[in-house]
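Okay, structure first, notes after.
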Amino acid sequence: MSAWCISRYFLGSTVSIREARRFVTTFLKGWPDVATAELIVSELATNAIRHSASGRFGGRFLVTIRSDGGRLWIAVLDEGGPGRPRIFPEYPDLEGGRGLRIVSEMAAEWGVLGDHRGRTVWASLNDASRAQRQDC
């Protein structure tokens with residue numbers, strides 16, 4: 001089975017979250033867990049805009065979708081910031097703070113690469129082979 005990947009930059013604005021979701025759903029059309037992939041990229045893009053330099057004027061973030069057989073890898077590269085992405089304790093009364101918890105519950109694995117100068121937050125899903133895409 002061949003590997004493939006696709007990436008796209010987005011402006012660091014809330015409108016770009018919708019565009020990132022559309023990018024994922026369009027590219028993975030027909031894949032059984034496209035809704036899960038869409039939710040994951042939405043949470044990761046939201047975090048990039050809210051918690052990193054990607055959300056400043058002129059900022060941007062990069063969405064990458066990659067498959068290397070039976071696994072789909074979704075990642076968002078931001079422009080860095082002071083804190084490291086992490087799962088916070090549950091506080092039912094707060095509006096935010098659930099993004100990485102949702103990602104961790106939906107993904108087979110997730111993680112963070114990088115530092116304050118730029119981070120890639122990624123999640124993987126099983127059985128990407130059914131996405132039926134060509135090499136990039």
Side-chain angles (χ1 to χ4, degrees):
M1 178 144 318
S2 61
W4 54 264
C5 66
I6 187 167
S7 296
R8 180 177 163 202
Y9 277 100
F10 297 89
L11 294 176
S13 69
T14 55
V15 172
S16 294
I17 298 167
R18 183 176 342 114
E19 292 174 8
R21 287 194 314 258
R22 188 175 304 127
F23 170 70
V24 168
T25 58
T26 299
F27 190 78
L28 295 177
K29 186 176 182 175
W31 191 64
D33 290 331
V34 68
T36 300
E38 179 185 20
L39 177 58
I40 287 172
V41 79
S42 180
E43 295 297 338
L44 298 181
T46 298
N47 284 351
I49 291 169
R50 286 188 181 166
H51 305 295
S52 81
S54 293
R56 74 182 193 287
F57 181 76
R60 63 186 188 156
F61 62 93
L62 177 70
V63 174
T64 299
I65 309 166
R66 182 175 70 208
S67 174
D68 43 3
R71 199 161 271 233
L72 183 73
W73 189 76
I74 302 165
V76 172
L77 170 64
D78 65 38
E79 294 185 342
R84 183 165 173 82
R86 62 187 176 92
I87 296 176
F88 289 97
E90 285 193 61
Y91 295 109
D93 297 337
L94 294 179
E95 183 177 319
R98 295 181 191 88
L100 286 180
R101 181 174 306 283
I102 290 168
V103 169
S104 73
E105 290 171 1
M106 305 212 62
E109 294 179 276
W110 76 279
V112 180
L113 304 168
D115 58 24
H116 65 281
R117 295 168 292 198
R119 288 182 198 85
T120 300
V121 184
W122 60 271
S124 66
L125 299 170
N126 292 324
D127 202 11
S129 61
R130 293 187 283 174
Q132 299 177 1
R133 293 291 174 182
Q134 303 295 320
D135 291 337
C136 60

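Starting from 1, each residue takes its place in the sequence as its number.
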Is a donor on one side and an acceptor on the other found under 3.5 Å between the side chain of Asp78 and the backbone of Arg119? yes
Report, as yes or no, whether the 6.0 Å neighbourhood of atom CZ on Arg18 holds more than 12 heavy atoms from other residues, nucleotides or ligands. no
Nearest heavy-atom pair of Val34 and Val24: which atoms, and what distance? CG2-O, 4.4 Å
Look up atom CD in Glu43 and atom CZ in Arg21, then write down how far apart they are to the nearest 0.5 Å. 9.5 Å
Show your working on side chain to side chain contact (heavy atoms under 4.5 Å, CB included) between Trp31 and Leu125 and close with a plain yes or no. CA-CA 11 Å; Trp31 191 64; Leu125 299 170; 3.6 Å; yes
Identify the heavy atoms of Ala107 and Ala123 that sit nearest to each other, and give their distance. CB-CB, 3.8 Å
With Glu109, which residues qualify under side-chain hydrogen bond (donor to acceptor under 3.5 Å, both in side chains), at least two apart? Arg71
With Thr64 via side-chain hydrogen bond (donor to acceptor under 3.5 Å, both in side chains) - residues at least two apart: Ser7
Identify, with sequence neighbours excluded, every residue that meets side-chain hydrogen bond (donor to acceptor under 3.5 Å, both in side chains) alongside Arg56. Glu79
Shared hydrophobic cluster, Ile49 / Leu11 (ILVMFWY, side-chain heavy atoms < 4.5 Å): no
Would you give the length of the straight line joining atom CD1 of Ile40 to atom CG of Leu72, rounded to the nearest 0.5 angstrom? 8.5 Å
Salt bridge (charged side-chain N to carboxylate O under 4.0 Å, His left out) with Arg22: which residues, sequence neighbours excluded? none
Listed partners of Glu38 passing side-chain hydrogen bond (donor to acceptor under 3.5 Å, both in side chains), at least two apart: none
Rounded to the nearest 0.5 Å, how far apart are CG of Leu44 and CD1 of Ile102? 10.5 Å
Taking only residues two or more places apart in sequence, or in another chain, which ones meet Asn47 in a side-chain contact (heavy atoms from CB on, under 4.5 Å)? His51, Leu100
Quick one: list whatever passes ring pair (Phe, Tyr, Trp, His ring centres under 6.0 Å) with Phe10, sequence neighbours left out. Phe23, Phe61
By the rule that ILVMFWY residues connect when side-chain heavy atoms come within less than 4.5 angstrom, directly or transitively, which residues belong alongside Leu77? Tyr9, Leu62
Do the side chain of Thr120 and the main chain of Val76 share a donor and acceptor less than 3.5 angstrom apart? no
Return the set of residues passing side-chain contact (heavy atoms from CB on, under 4.5 Å) with Thr46 (not counting sequence neighbours), or none when no residue passes. Ile17, Ser42, Arg50
Side-chain donor or acceptor of Ser16 paired with backbone N/O of Gly12 under 3.5 Å: no
Atom pair CH2 (Trp122) and CZ (Arg66), whose distance is rounded to the nearest 0.5 Å: 9.5 Å
Shortest non-hydrogen pair, Ser54 vs Ala48, comes out as CB-O, 3.6 Å
